[in-house]
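These notes concern the structure reproduced below.
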2 protein chains.
Amino acid sequence: MVKTLRLNRDRVLRAAIGLADEIGLEQLSMRRLAQELDVVPMALYKHVANKDELIDGMLDVIVTEIDPPAPGAEWKPAVRQRILAARQAMLRHRWAARAIEMRQAPTPAILAHMNSVIGIFRAGGLSATLTHHVMHALGSRVLGFTQELYAPDETRRPPDLTLFPHVLEIATAAAHENDSIVGAGCDDQFEFEFALDVLLDGFERLNDQNWTPPPFRYG
Amino acid sequence: MVKTLRLNRDRVLRAAIGLADEIGLEQLSMRRLAQELDVVPMALYKHVANKDELIDGMLDVIVTEIDPPAPGAEWKPAVRQRILAARQAMLRHRWAARAIEMRQAPTPAILAHMNSVIGIFRAGGLSATLTHHVMHALGSRVLGFTQELYAPDETRRPPDLTLFPHVLEIATAAAHENDSIVGAGCDDQFEFEFALDVLLDGFERLNDQNWTPPPFRYG
DNA sequence: ACCTGAACACCGTTCAAGT
DNA sequence: ACCTGAACACCGTTCAAGT
């Protein structure tokens, strides 16, 4: 009788995003999501083709949240702003980066975001070839995340590093506390911006030098 | 009667690596591996604690394959050589990068590799703090791979890029054929070395300028 | 048009039992 | 000490059936 509570694609995607925010991507299953919506698992398949398509749908919602570019800026601050805006969207949904990694093809919203960033480089005068390599060098950073190898985890006790003295020194070297090459506090704002600026400065230098691809490539 | 064909940890790891090389990490299951070894699934659990520990064991074998550092070189070529050697090991086992991403903590062999690279930076005169940030900026690259968002896949037809003209231009801009921002030929040797050199050059410049961390950090 | 229920072909892992 | 067999608690997805 309560027809207004019927499922639709939007309700499924929103519930899935909320559930992933709560329990993480690994725990998100079609069965668990169905349970959350008080529905039998197979009811979901009228609104998403399968689990992969569900995740694509979730990602498109997240990526569309990324703030639009600030108009009229120089290419370097403009790209910087756009990438940091993407990072904010990723921080709001900690599972999103993993989901992007898992998928085999970009969603339309991801293509649109990349198209926008490439457009900033091109409008700033970088050649198509340089922009190509620059986009590769940025990698996942263009979507606002770095694929951190070992995420912070306070629950697990830190590994014994006495056999790896250099790692130990570096792990305690950072200015901010709780920082460790294998522990907490990494991939934070500072590390992200540090690497981003090394890359953007490098791109600027290559562009200023009118970089062209080397004539021969082996392999 | 054929006691010599009994299982042991080494035989399990080798079979798992071979199987992953063949069918990929996603298809590798305890049951499939047991079948390959002509054994019942539970027989494996005498030699590896569980599937995660199996993958750690596989990774340690691969990472130990990485060529040792060339002694006596300058830090920049030495780090470069070490990272490109790691890349060779990753190329021999295409599933290894994904496996490293999946694991939540570094294996001993991975820690040893990182320790060795950090040691080269420190011996070259980079400060502990700069080395810390530099290691973060390298990310997975220190292990010889970049986490390519969208791997080549010749089986799937390329997406329609007419809505994303900048992406289309960039996709056809590279000097090598079969190249596409979403398609084949990327994360190849050239793209890897391009980004690596932008980063290493940037690190060198910061070190030459006696880089020190900024006094204040917000957040 | 949308939801249901049962079933299929898988998982990783436990437990108690065999040799 | 090492391997087995059955079972448990899950998966994603199919199919035919309900309303």
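Side-chain atoms are counted along with the backbone in the values below, which use heavy atoms only and exclude waters and symmetry mates. Chain letters run A, B, ... following the sequence lines, proteins first, then strands; residues in each count from 1.
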Does the ring center of Phe203(B) lie less than 6.0 Å from the ring center of His133(B)? no
Would you say the side-chain atoms of Thr107(B) and Asp56(B) include a donor-acceptor pair closer than 3.5 Å? no
Return each pair, listed once, that meets side chain to side chain donor-acceptor pair (under 3.5 Å) where at least one residue sits in residues 42-53 of chain A; pairs must be two or more places apart or across chains. Arg9(A)-Glu53(A)
Excluding sequence neighbours, so at least two apart, what forms salt bridge (charged side-chain N to carboxylate O under 4.0 Å, His left out) with Arg122(A)? Glu169(B)
Once rounded to the nearest 0.5 Å, what's the spacing between atom CG of Leu44(A) and atom CZ of Arg11(A)? 10.5 Å
By side chain to side chain contact (heavy atoms under 4.5 Å, CB included) - contacts of Asn115(A) (at least two apart): Phe164(B), Pro165(B), His166(B), Val167(B)
Provide the full list of ring pair (Phe, Tyr, Trp, His ring centres under 6.0 Å) pairs with a residue in residues 100-123 of chain A, sequence neighbours left out, each pair given once. Trp75(A)-Phe121(A)
Identify every side-chain donor-acceptor pair in residues 26-40 of chain A under 3.5 Å, counting partners at least two apart or on other chains, and give the distances.
residue: Ser29(A); atom: OG; partner: Arg32(A); partner atom: N; Å: 3.0
residue: Arg32(A); atom: NH1; partner: Glu36(A); partner atom: OE1; Å: 3.2

Sorted by number, the residues of residues 42-52 of chain A with heavy-atom contact under 4.0 Å to DNA chain C: Met42(A), Ala43(A), Lys46(A), His47(A)
Anything below 3.5 Å on both distances counts as a pair; with that, list the stems of at least three consecutive Watson-Crick or G-U pairs involving DNA chain D. C:4-8 with D:12-16, C:12-16 with D:4-8
Starting at CG of Leu33(A) and ending at P of dC11(D), how long is that distance when rounded to a whole Å? 12 Å
Sequence neighbours excluded, which residues qualify as side chain to side chain contact (heavy atoms under 4.5 Å, CB included) partners of Ser140(B)? Leu149(A), Phe145(B), Gln147(B)
Between P on dG12(D) and CD on Gln35(A), what's the gap in Å once rounded to a whole number? 12 Å
Please output the side-chain donor-acceptor pairs of residues 12-21 of chain A that fall under 3.5 Å, not counting sequence neighbours, one pair per line with the distance.
residue: Arg14(A); atom: NE; partner: Asp10(A); partner atom: OD2; Å: 2.9
residue: Arg14(A); atom: NH2; partner: Asp10(A); partner atom: OD2; Å: 3.4
residue: Asp21(A); atom: OD1; partner: His93(A); partner atom: ND1; Å: 2.9
residue: Asp21(A); atom: OD1; partner: Trp95(A); partner atom: NE1; Å: 2.6
residue: Asp21(A); atom: OD2; partner: His93(A); partner atom: ND1; Å: 3.2

Considering only NZ, NE, NH1 and NH2 on the basic side and carboxylate oxygens on the acidic side, decide whether Glu193(A) and Arg80(A) come within less than 4.0 Å. yes
Using 0.5 Å steps for rounding, measure from the CG atom of Leu163(A) to the CG atom of Leu111(B). 9.5 Å
Anything under 3.5 Å between a protein N or O and an N or O of nucleotides 8-10 of chain D, put it in a table, one pair a line.
none

In whole angstroms, the gap separating C1' of dC11(D) from CD of Glu26(A) amounts to 15 Å
Using a 4.0 Å cut-off on heavy atoms, which residues in residues 13-22 of chain A reach DNA chain C? List them by number, or say none. none
Grab the CE-P distance between Met30(A) and dT4(C) for me, whole Å please. 14 Å
Leu7(A) CG to dC3(C) C1', in whole Å, measures 9 Å
For atom P, what is the distance between dA9(D) and dA9(C), given to the nearest Å? 22 Å
Nearest-Å distance, CD (Gln27(A)) to C1' (dC11(C))? 14 Å
Applying salt bridge (charged side-chain N to carboxylate O under 4.0 Å, His left out) to Glu65(B) and not counting sequence neighbours gives Arg92(B)
